[in-house]
Structures are given as structure tokens and as C-alpha cells.
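Residue indices begin at 1 and follow the sequence shown.
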Amino acid sequence: MSRIKIMSRTLASRIAAGEVIERPASVVKELVENSIDAGATEITVEIERAGSRLIAVTDNGCGMDHEDAMLALQQHGTSKLLDEKDLDHIMTLGFRGEALPSIASVSKFSLFTRQPEAPDGIIVSCDIDGEISSRPGGGAPGTRIEVRDLFCNLPARKKFLKSPATEEHHIEEVFSMMALAHVEISFKLIIDKRIALHTPATGNLSYRLREIFGKSFVDNMLFFEHTEGDLFLSGCIAAPGFTRPSRRDQRVFINSRPVEAQAVFRGIKEGYATLAEPGRYNPVVLFLEMPPEDIDVNVHPAKREVRFKAEYTISRAIAAAVSGALRRNGEEKRSKPDEFADKFLTASGKLPLSMIMDAAEISYNPIREEQPVLPAEGIIQNFTPEEISAGTDAVIPDVPENGKDGTEEEFFPDNGTAPIPVTPSHPLSPLVKPVSPAAFSGVWPHRIIGVIDNTYILTESSCGLVLIDQHAAHERIMFEKIISGMTAGKSECQRLLIPETVELPRSMIKLLLGNKELFESLGFEVESAGGTTVIVSSIPLTPCTHRSIADWLHDMLDELLANGTSTSAVDPQFAAGAACKAAVKAHDPLPPEALEALLSGLKACRQGTLCPHGRPTMVELSIKELERRFGRR
């Protein structure tokens, strides 16, 4: 008897849906693409419960007649490809004919459509068993599709969805990408019956960027246009120094299609050359228009990946466009001082008082009594998981001063007691196999001598010279503070004398407010001010507060988005990521008081010799080693 069976149509549709429909944002993307292909000038998206209850997309496009509406729900039914030759000249966003039947197979699906010249429209419904029915209906010309109870018949897929705030972020990100690619179309996003974003059809990219990402984002971008052969590039790139921790803010559109391609990212990196910061990425909004026969978009059902006939040509053109925009920006900056003087200086050679007041910035340094820096007492001792949940605050003895070395998995107190075991499951243990602490004798430095490359702090101890990595040290301090704060339910924070307004992309603000309790446990107090702005009234207590709060929040939100929402009371992985994003970076210049605070804060840590990822925070060059190197021994 044959073991090979033909799948049922329903099962085959659900398997195919797994490639096309990954999450609610995938449904929004496919439906909005269909609306754009239908020639719509107004598109409205409605979301309820992060898309799990309802996703509705309404447009004023060309609509469909009865026959087309029924065929649209058939597998591979499409009006965009009629012949194999058309695969070489794809100009529409959709073409595979998989989206609607895939969505209908994993939800309760209904469609209303009406052509402008038709007296009435048609309503097509599809239940979870795949049964399709139709009936006449009335409504405005265009199409409205409603997707209810997404993944109702696939509980395994529904289980893998992230928190509502994270899923809403993905929806807003997809919606924003579509809005950026088509500034000639009016887009409206309604989440839980509230308007989250409404962008009129202005045809102006700068205005749309301001609506989605905020004024500060646009102010840091350099707009450009570049032509090279059949390629036309336009958009904007970030000015040097304006960076993000991941490539998510490098948005690329090819023939109005949002894509990801290594050749494009390589060209952006080559264009910035030495201006690129290691481990950081400059935001980019890049539009590339090219002949459709030179690109293959039929690589993956999600249509995000593409292939080029000439990758080197694409990379070279993008690098030339980026470097040219940066070069013009540098030339403009060099020419601005004289123009500024001619325009604003008075006859006496001084600036008007009103202009000075308009540009003034208020800064303050709180006194130590009001905002103490990481006290040495109250450091977490070796404790059990039960003590963690209870918020134990026992004190651990310092590392011994007798120069005794620990092993890779033990750290020795100075009271002669047994070694403290550090296991991978322990909240304060390194997240990877640590470097042996033999690089440090355990004698803590007592004086700061200087700083090398704004990265390594030179300190002196009774045993010799100790070099401290400022990023690793601050990362360890922040990690233990986050762990203790999450254990106790609230971290120490310092209230700002003047609350600071911070601009973030709309999708990031939604993610921040959706995880407000988590950020409050870390020491942040934020409130929405409408639009792309939030008000920050307090921040975590840290010895280094010179970082921009906007960059700080953006980096931590990016880390949260990458790792998902924590489900445990103490999550070392999240704490380590948050600490890394919040810590000072290499080459950040620190004032003397911040260096002293780092040194005292590191000494107060339970495990100050290692960062949360297992790298050493300090390396010692002993007096004996110095004498040996200088030939004294």
C-alpha cells in the first residue's frame, strides 16, 4: 500500500500560510500591498488587540467584480502575472497569489469590494474550514478586508507571538515602511479605536519622516539624489555621529519595495568609510529605482530578500551616493561660519541677546547628598533563589588582598570561608565562560592616574598598575543594579530637576509605553506627550549620566525588541543586554568625578572583576612584572 498521500487543500493552505503569515504584521503588509497595487490614494488600517482580534484594511482602489472577488481567494489567483515572461518585469508589490488564501486559511476572513461604476458590491466570507460564500452588499467604492481571530485554528503559531506591545511595534514598523515608500498616498493607522498615525498625501518625504520619526530625526539627516547609469538613488542618510545599535533603522526601498540586501548594506558601510563607528549603524532611508529585469524579487514568499544581476555595481553606486552626501555636508559646514557672522552679528561684533537666549541650554550637576552615587553598602551577597525573590540585601566581603587567584568558576571571600560557587543559572554569574580572574590580584586600586584613549582608566594599587575598561566596568555596575532592582521590584533612580522631552519613532514610543512597568523597574519614569514625544522625569541612578537620554532609551528598546519580553522575575540575559546598552562606551570622555564614581561603584560590586558577558573589567601589571620588564630582576 502506498505510503505517500496527497495533502488536503486545507492542510496545504495552512502549511503555505506559515511561510507568508508569520505574525499580525505580515497580514498588514500583504493587505496594504494589495491596496497600493489597486491604485488606492487613501488606506486605513484598523487593529484590535495587537491584531489577534481584528485586522481591517480599507482602501479606495479599483475594487473587484463578483468573479474576481471569488477567484482572489483561490490558491495562486492573481491579476499581476499572466505569463512566465512577466517574472522578469515585476513592478507590482504582490504577484504570487498566495496572500489572501493564506490569510483566509488561518483566520475568520471577510471581504467587501465594489468597483466605482458598479451599482452595488459583493461580500465574500471564508470560514476556518475553507468554505467560501458570497452575497451582495452596499458600500463605498474600493475594498475592505477584515481578518478576525488570527491563528484561531493554529494555536501552536499563536503561542509563539510576542507581547501585545511588541506585536503592535512590528505592525507600526510595517505600516511606516509602506507610508515612507508612498508619500503620494494618505495612510491612517487606528489601534484599539485610537488614531496612532495619520499621514496626508503630501508627496513630501521630509514631512512624512517628521510625522513618523520626529523632528530631531529629520534634523540629523542629509538629503541627497544621485544618478549612475540606469540607477537613480534618493533619500537621506544620517550625519556623522548619529547612530543606532542595530541595522533596523537602515531602511531600503527598491522600486518602492522594502527589501533587505547585503549588497546595499555593504555600499552604505563603504560610503561612510572611516566615519562609521564600530558596532554602530547610521540610520538611512534609501530609495533605489532600477530596471526590473536587473533584480529578482521572487526569492522568498515574504518578498523581503532580493538578488541583483550586478551586486558590485549596486554597492559602488550606493557608496558613491553616501560619500557624496557626506562630502557636501562637510563643505556646507565649512562655509557656514562666515554666512552666520554676516547674517547675525551686530555692528559691535556681538550676537543679539535674544538669539543667545533662544539657543541657551540649562545644565546642572546635582549635589552628592541629593543623588548619591552607588553606595558601597547594601551589595548583594551569595544568596539562594528564595532570597532573590525576597530582595535580600546582605553584604559580601571584598575580594582578598593576599593575591590568591580564583578559578574560572569560583570567587574567594577574604574571611576564610568556602569559595562562592558561580553557576550559569545564578543571576550575577557571567553569561559566558569567564576569563580567569588571575589577571587581577584582588588588591583594589586606590588612586586614578589617568585615562588612555578615553577607554582604559589607569589606576594605582599597592601591587602595581591596574587598567580598567570603562565600558566593561560600568556594564557590571549597571548589571548588578538592574538585577537587584528587578528582584526588589524597583531600581534606585534619580529624579530630573527639569523633566526632559525626548523624541522617538512612533513605533518605539508604543513599545516603550507598552512595557512601562518594566522600564519603571529599571528606574525610568516616562509619560507620553503625544505624537513622537515622551517626557522623562527620572532615570536610573548611575555614575555616568552624560549620555543622551534619547539614545539611551532607543538602545534599550532596541535590545528589548531583539530579545522579546522577559517572563521571569530575574532574567540575566535581559539584564545583561540592558546594562550593555545603558553603559558608557569606549572612547566616551568622562569627567574626573565620573571616573571616581566608576572606581568606587566597581569596588562595591559583588563580582567586579568581570562584566556580565565574562570579559575582564580590569587587568593588572604588577610591580614584579614591571621590574622584570625593565631588567631589574
Between Asp588 and Gln470, does a side-chain contact (heavy atoms from CB on, under 4.5 Å) hold up when you go through it step by step? CA-CA 9 Å; Asp588 282 351; Gln470 67 182 31; 3.9 Å; yes
For residues [X] and [Y], determine if any side-chain heavy atom of one lies less than 4.5 Å from a side-chain heavy atom of the other.
X      : Y      : value
Ile539 : Val536 : yes
Leu180 : Leu205 : yes
Ile55  : Ile103 : no
Gln250 : Ile268 : yes
Phe223 : Val285 : no
Leu553 : Phe519 : yes
Ile47  : Ile190 : no
Ser35  : Val57  : yes

Any side-chain to backbone donor/acceptor pair from [X] onto [Y]? Under 3.5 Å, distance only.
X      : Y      : answer
Glu270 : Ile318 : no
Ser26  : Pro24  : no
Glu289 : Ile254 : no
Thr455 : His587 : yes
Asp469 : Met618 : no
Glu503 : Thr532 : no
Arg208 : Ala179 : yes
Asn329 : Ala325 : no
His198 : Lys188 : no
Thr166 : Lys162 : no

So which heavy atom on [X] is nearest to which on [Y], and how close?
X      : Y      : result
Val32  : Val45  : CG2-CG2, 3.8 Å
Leu93  : Ser256 : CD2-O, 3.8 Å
Ile21  : Ser102 : CG1-CB, 4.3 Å
Ala529 : Ile535 : CB-CG1, 3.9 Å
Met221 : Pro283 : CE-O, 3.6 Å
Asp59  : Ile43  : CB-CG1, 4.3 Å

From [X] atom [atom1] to [Y] atom [atom2], the distance as rounded to the nearest 0.5 Å:
X      : Y      : atom1 : atom2 : answer
Leu233 : Phe224 : CG    : CZ    : 6.0 Å
Ser507 : His169 : OG    : NE2   : 4.5 Å
Arg506 : Ser176 : CZ    : OG    : 8.5 Å
Leu288 : Ile314 : CG    : CD1   : 5.5 Å
Glu172 : Leu197 : CD    : CG    : 7.5 Å
Leu275 : Ser323 : CG    : OG    : 10.0 Å

Does atom [atom1] of [X] have more than 12 heavy-atom neighbours from other groups under 6.0 Å away?
X      : atom1 : answer
Glu527 : CD    : no
Lys269 : NZ    : no
Tyr312 : OH    : no
Asp230 : CG    : no

Cut-off 3.5 Å, side chains only: do His613 and Glu475 have a donor facing an acceptor?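 Yes.
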Could you walk me through whether Glu305 and Gln262 pass side-chain contact (heavy atoms from CB on, under 4.5 Å), step by step? CA-CA 9 Å; Glu305 301 175 18; Gln262 288 302 316; over 6 Å; no
So that I can tick it off, tell me whether Arg251 and Asp249 are bridged by a salt bridge, with the cut-off set at under 4.0 angstrom between side-chain N and carboxylate O.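 Judged by the 4.0 Å cut-off on N to carboxylate O distance, Asp249 and Arg251 do form a salt bridge.
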Check ion pair Arg316-Glu311 (N to O, under 4.0 angstrom): no
Tell me, which pairs form a ring-ring contact (aromatic ring centres under 6.0 Å, His included) where one or both residues lie in residues 245-288, sequence neighbours left out?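 Those involving residues 245-288 are Phe253-Phe287.
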Side chain to side chain contact (heavy atoms under 4.5 Å, CB included) test vs Ile237 passes for just one of Leu222, Asn282, Asn220, namely Leu222
Would you sort out whether Lys29 and Met177 count as a side-chain contact (heavy atoms from CB on, under 4.5 Å), showing the intermediate values? CA-CA 9 Å; Lys29 173 182 177 294; Met177 293 284 279; over 6 Å; no
